[in-house]
Each structure stands twice: as structure tokens, then as C-alpha cells.
Amino acid sequence: MPQTHTTSTTRAAGAVVGVLVRRTVRGASALRGGRGPRPTPYQVFGLLFWLVMTLAYWRVPLCCDAGQHAAVVERLKANLLHPRHPMADLPGAGSPYYSPYTVAQGAFARLTGLGGWEVVRLAGPLNLLVLLTGIGRFVRVLTPRPWAPVLALGAMTLLWGTERAWWSGYLSLMSMTGNLGYPSAFAIGLTFWAWALTGARARGEGLVRYVGPSGLPGFAGYAGIGALYGLVLLIHPISAAAAVLGAVAFVAGWQRGWQAAVVVRWGVAAGAAVLVAGCWPYFDVFALAGDRSVDGIHRQLYEHLGGQFWLALLGLPALWSRWRRGSWRDPLVLLFALDCLLVAYGWVSGHYTYGRILGLTLVPLQFALAVELAAPRPWSRVRQVLGGAAAVGACVGFLTVQGGAVVPRSLDPIGLEQPSRWPSYAWVARHVGKGEVVISDGHFAPRAVPGYGPNLAAPIWPDPALDERERERRLADVRAYLSDTSTRAERTAVARRYHARWLLLTRWKKVPEEAVVVAWSRGTGEVLARVGR
């Protein structure tokens, strides 16, 4: 027995010395001019994607919800601690737009003197960096295959459908040209990081970090993960719903052994998330759970699902294969099932806002497909067919919807669909002061003008900071003002009620007799006129 023990010890020591010698040789050869660490495929393609997508995002005029987000920055720039309502001359207390993300943007705007539009535009590359690093970290938790993150990025941006799906939180190539500067893009990047950290802990990676100096279980890592989920909840509450489902999927799928210490650790994570979200002073995020003011807007999310998402179904065979190999406890299988249940609940209950997680519902399909196709060769016949179908699907997605995001029209030989191009209203901002109230018609102007600092008599979007009945009353007053049958006395009463000093009218509207035209747009034909005193 002593001889056997000595032999085993000698072999073990020899193995350790061999490893050290091999490492030393590699280091010495590097010092003598050998090759250093090589970048991974994802680092190379991720950098290229970041450069191309940043240029694509900057070449397209900001549109859609960008005016709302720019307006939030403008209000925080004016008063960081007590901002006014994002779009109206009203108090802003309780508005969920004032999240840690936008408060940081407001502080940046105050320090630099930049306007809301500039800050939102600059946020795009930063959000994309967080998103790309989150994807890379998340996929490495799923698999060590080096090409899997590259394929996951390609699937996430191309495998959607053959009809445009353009919503905040949708991260196809086309949507990214407009949405990268939004808080949702940053929140989804943090979600990937949170899932990666949750998955690593649930699977038992980094066990040495679980024990503190006293020998007791260390809780700092779990509290940090929980704080990350709380931050996502504050920045983009609907994305947080999908993020929590992902946490449940990874913990239920990979956590083995539910001893008391394990339960306490995850309890610490949950408590930290609630604490971070509950302590935010600008609004009560938990009060949003029962708010139904935006459900009507989101009903259209459930329309055209087939045309917008059918290419992502190419990931179903890969997800089915994971279920066959790892049972229902595979985290991607669980996540897809939970997401589908929440989306279905949104439809059945009429709480259509839950449909906003549809973009993240595709992630299990897209990433399962990427992991499957990143397997080393030789491939089986089934995997070859799946790879060919995925390649064709990516080409179809690029040529029908996504390609115009990165191919300018001047370089486009086949007429790809291009991103939306909204007009600029900088010419209005040269005449209308920050905080002054504007009455406007049309689609573009009411959504864009507040981003320069002016207010609207009637906000376009619902906001818990303003009672929905009051917002509807304001909208009705604006419609009455703009009616062809309105009298001068009626218009004057509305203008005085909301302290309106400006009209911004499309070329189809007649300028009231009491208004004085100040400027007009050669591009859109819109007229800016002054009313009142």
C-alpha cells in the first residue's frame, strides 16, 4: 500500500510538472516571437458587425419612438431630480420613462450640453456593445463551440420572417436601424448577461466563489445577479418579464440539489431584484403590473405573426433535438415554452402588452439552431439538411426584409426594402423655445417635436404620470381645435387652456385666421404659425 501511494503521488506530480513545462514552453516561444492569443471567431465577426451596424444606424434619420426618448433626455437635462412630463407641460412624477438608464443619459446631456436627439443617437453603439458582449457570454454558457455565438448572432438578426416586424425590443437587422438607441436594446443586452450569469451559477460553474472567507456560502454573486434583473425591470419592464422567465428556465433546468443553502442563495437573488426595483425614487415599477393603458396599442403585435416570424421556426428541429437529448429540463426548451405561454396569456386576457416579448420568444429557436449547426464535422444527414435550410432561410430574410438595413439604396442593385426615413424638425426648434406648447396634426410632427424640448397640448403616448382620461380629453380638445368647423372663440379657449403658443400644421390644414405664419418646410410642406400672445 505505501508503494502504491508513492507511485500515484509521483505520477500526479509528473503530470502537474508536465503541464507547467508545456505552459512555460508556450510562454517562452511567445517571448521569442511566437504567436500570441488569437481572437475568437465571434470577436472578429462581432467587431465587424458592431462597425457595420453602427454606421447603418447612424445613416438613417431617427424615427418612430426616438422622439419620445429624446424628449425624456431633454426633460432630465432641464431638471435631473424633478423632470416634467416627457411630452406635456405637466408634472412628470411617476413616469416609467425616468429609469436609471435615462437618468444617466440626462446626466450625460447636462455634462456635455448635447441635446436629446444627439444622446439617443450616441446611445446606439453603446447599447450594441452591451448586446453583443451579452450574446457572446450567454452562448458560451450554452456551449463551448467557438462558432456558435457567430451563428447565433446571424440567426437572431436574419431569421424572422418575410414581413417587416418593427417594434422596440425586436432586434432584427431592419429593426436595429431604428431601435438601437432605445432603452429596450440596452435592457435586452443586460438580459443576456443576466441569463449567462444565472446559467453558470445554476450549473455549478465557479464553485470556489460560492464560499466566503468564513467558510459560509457567499451571497455577493447572487445579490449581483438579482440586482441585474432589478435593473432590467426598471429600464424596460416588459423585457424584464421575459428575463425572469429565462431565470426560471435556467434555474429549473440546470440546478441540481435543492439544499437549504441553494434555496437561500436564489432567495437572495430574488430579494436583491425586488430591493433594487422597489427603491427607485422616480416611479413605482410594481404599479405597472395592473396598468392597461397601452394594451390597445399592442393588439397589432398579434397580427401577421406568420409573415413576421415564420423563418424562426427553422429552429424547431434543433429545439426538438435538445428536448430529446436533455428532456424537458433543457433551459432553451423551458424558456420557449414559458415565453409561448405568456404570449398566449396576453392574447386570451386582452393584456396585449405581453406580446412585446415576441422578439425574445424567438431567441430559444434561433440560439438552439446556432448551437446545433456549430457542431464539429462530419455532420449527419439530418444536420446537413437543417444547415442548408437555415442558410436558405437567412438569404430569404436578407433579401426580403433585412438587407436594406445595411445596403444603402445607392449600392443596391435589386431594390431591397429600406428603413423608414422621417423628416427632421430641427427647423421648428429654431423658432419654438423649450417648454413652449405646440398644437400639431399629422403623424410625424407630434412624435418628433417633443424631442427638441417643446411640449404638446395632448401627448401621443399613454403614460402613468398622466391620467388616461385627462389625456383623452386633451386629444379631443386638439381635434376640436383642428376641426374645419371650429370657431375662433373655441380655438382661443383651447389655446389658453393649454398655454399653446404654436401651431404646426400639415399642408392639408388651413391656417386659422388669428395665426401668424413664421416658417414652413420645403420638404414636407408643413407650416409653423404663432398663436396667442
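Along the sequence shown, residues carry numbers from 1.
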Over 12 non-hydrogen atoms of neighbours within 6.0 angstrom of CZ in Phe45: no

Thr102 (side chain) donor-acceptor with His69 (main chain) under 3.5 angstrom: no

Which atom of Val371 lies closest to which atom of Arg145, heavy atoms considered: O-NH1, 2.5 Å

Smallest separation among heavy atoms of Met87 and Ile460, with atom names: SD-N, 4.1 Å

Distance in Å, Thr198 OG1 paired with Phe250 CZ, rounded so as to fall on 0.5 Å steps: 8.0 Å

Taking every non-hydrogen atom, the tightest pair across Val294 and His298: O-ND1, 2.8 Å

Value rounded to 0.5 Å, distance of CE in Met53 from CH2 in Trp58: 12.5 Å

Backbone N/O of Gly116 and side chain of Glu74: donor-acceptor pair under 3.5 Å: yes

Atom pair CZ/CG of Arg121 and Leu62 - distance to nearest 0.5 Å: 4.0 Å

Passing candidate, side-chain contact (heavy atoms from CB on, under 4.5 Å) with Phe336, options Leu341, Leu245, Val363, Leu316: Leu316

Steps toward side-chain contact (heavy atoms from CB on, under 4.5 Å) verdict (Val119, Phe108): CA-CA 8 Å; Val119 172; Phe108 177 75; 4.1 Å; yes

Over 12 non-hydrogen atoms of neighbours within 6.0 angstrom of CZ in Arg325: yes

Distance-minimising heavy-atom pair for Val478 and Ala457: CG2-CB, 4.0 Å

Asn127 and Tyr101: side chain donor to acceptor below 3.5 Å: yes

Closest approach of Tyr57 to Val120 (non-hydrogen atoms, all atoms of both residues): OH-O, 3.0 Å

N/O donor-acceptor pair under 3.5 Å between Asp463 side chain and Leu466 backbone: no

Any Cys64 side-chain heavy atom under 4.5 Å of Tyr182 side chain: yes

Student check: side-chain heavy atoms of Arg75 and Asn455 closer than 4.5 Å: yes

Spacing of CD1 belonging to Ile188 relative to CE belonging to Met156, to within rounding of 0.5 Å: 8.0 Å

N/O donor-acceptor pair under 3.5 Å between Tyr42 side chain and Pro146 backbone: no

Geometric class of the Tyr98/Tyr282 ring pair [parallel <30°, tilted 30-60°, perpendicular >60°]: tilted

Working for side-chain contact (heavy atoms from CB on, under 4.5 Å), residues Val264 and Phe219: CA-CA 9 Å; Val264 171; Phe219 298 113; 3.8 Å; yes

Distance-only polar pair, side chains of Ser349 and Tyr354, donor-acceptor under 3.5 Å: no

Thr133 side chain to Trp193 side chain, donor-acceptor N/O pair below 3.5 angstrom: yes

Tyr352 and Tyr302 aromatic ring geometry - parallel, tilted or perpendicular at 30°/60° bounds: perpendicular

Minimal non-hydrogen separation, Ala148 against Val139, with atom names: CB-CG1, 3.6 Å

Whether Tyr170 and Trp160 hold their rings parallel, tilted or perpendicular, with breakpoints at 30° and 60°: tilted

Side-chain donor-acceptor contact under 3.5 Å, Thr353 with Asp295: yes

SB check Arg473 Glu470 (cutoff 4.0 Å): yes

Donor-acceptor pair between Arg164 and Ser420 side chains, under 3.5 angstrom: yes

From CA spacing to verdict: side-chain contact (heavy atoms from CB on, under 4.5 Å), Asp65, Trp461: CA-CA 10 Å; Asp65 294 350; Trp461 304 116; 3.5 Å; yes

Of Pro450, Pro459, Pro91, Ser95, the residue whose pairing with His85 passes side-chain contact (heavy atoms from CB on, under 4.5 Å): Pro459

CZ (Arg469) with more than 12 external heavy atoms under 6.0 Å: no

Mutual orientation of the aromatic rings belonging to Phe192 and Phe138 [parallel < 30°, tilted 30-60°, perpendicular > 60°]: tilted

Flag side-chain contact, heavy atom, 4.5 Å: Arg356 against His236: yes

Trp266 and Trp258, any side-chain heavy atoms less than 4.5 Å apart: yes

Leu369 and Leu373, any side-chain heavy atoms less than 4.5 Å apart: yes

pair Leu319-Val333: side-chain heavy atoms closer than 4.5 Å: yes

Heavy-atom donor-acceptor pair, Asn179 side chain to Trp167 backbone, under 3.5 Å: yes

Any donor-acceptor pair under 3.5 Å from Gln308 side chain to Glu163 backbone: no

Expected output: side-chain Glu118 to main-chain Gly115 donor-acceptor under 3.5 Å: yes

Donor-acceptor contact present, side-chain Thr54 to main-chain Leu51, <3.5 Å: no

Whether Arg329 side chain and Ala252 backbone form a donor-acceptor pair below 3.5 Å: yes

Salt bridge flag under 4.0 Å for residues Glu468 and Arg471: yes

Check: Val141 and Trp195 side chains under 4.5 Å, non-hydrogen atoms: no

Expected output: side-chain Arg110 to main-chain Lys77 donor-acceptor under 3.5 Å: yes

Spacing of Cys63 atom SG and Trp166 atom CH2 [to the nearest 0.5 Å]: 4.5 Å

Pairwise distance CG(Leu334) to CG(Leu338) - rounded to 0.5 angstrom: 6.0 Å

CA sep, side-chain torsions, deciding dist, call: Trp50, Leu129, side-chain contact (heavy atoms from CB on, under 4.5 Å): CA-CA 7 Å; Trp50 183 85; Leu129 181 63; 4.1 Å; yes

Thr361 vs Cys340 side-chain heavy atoms within contact, under 4.5 Å: yes

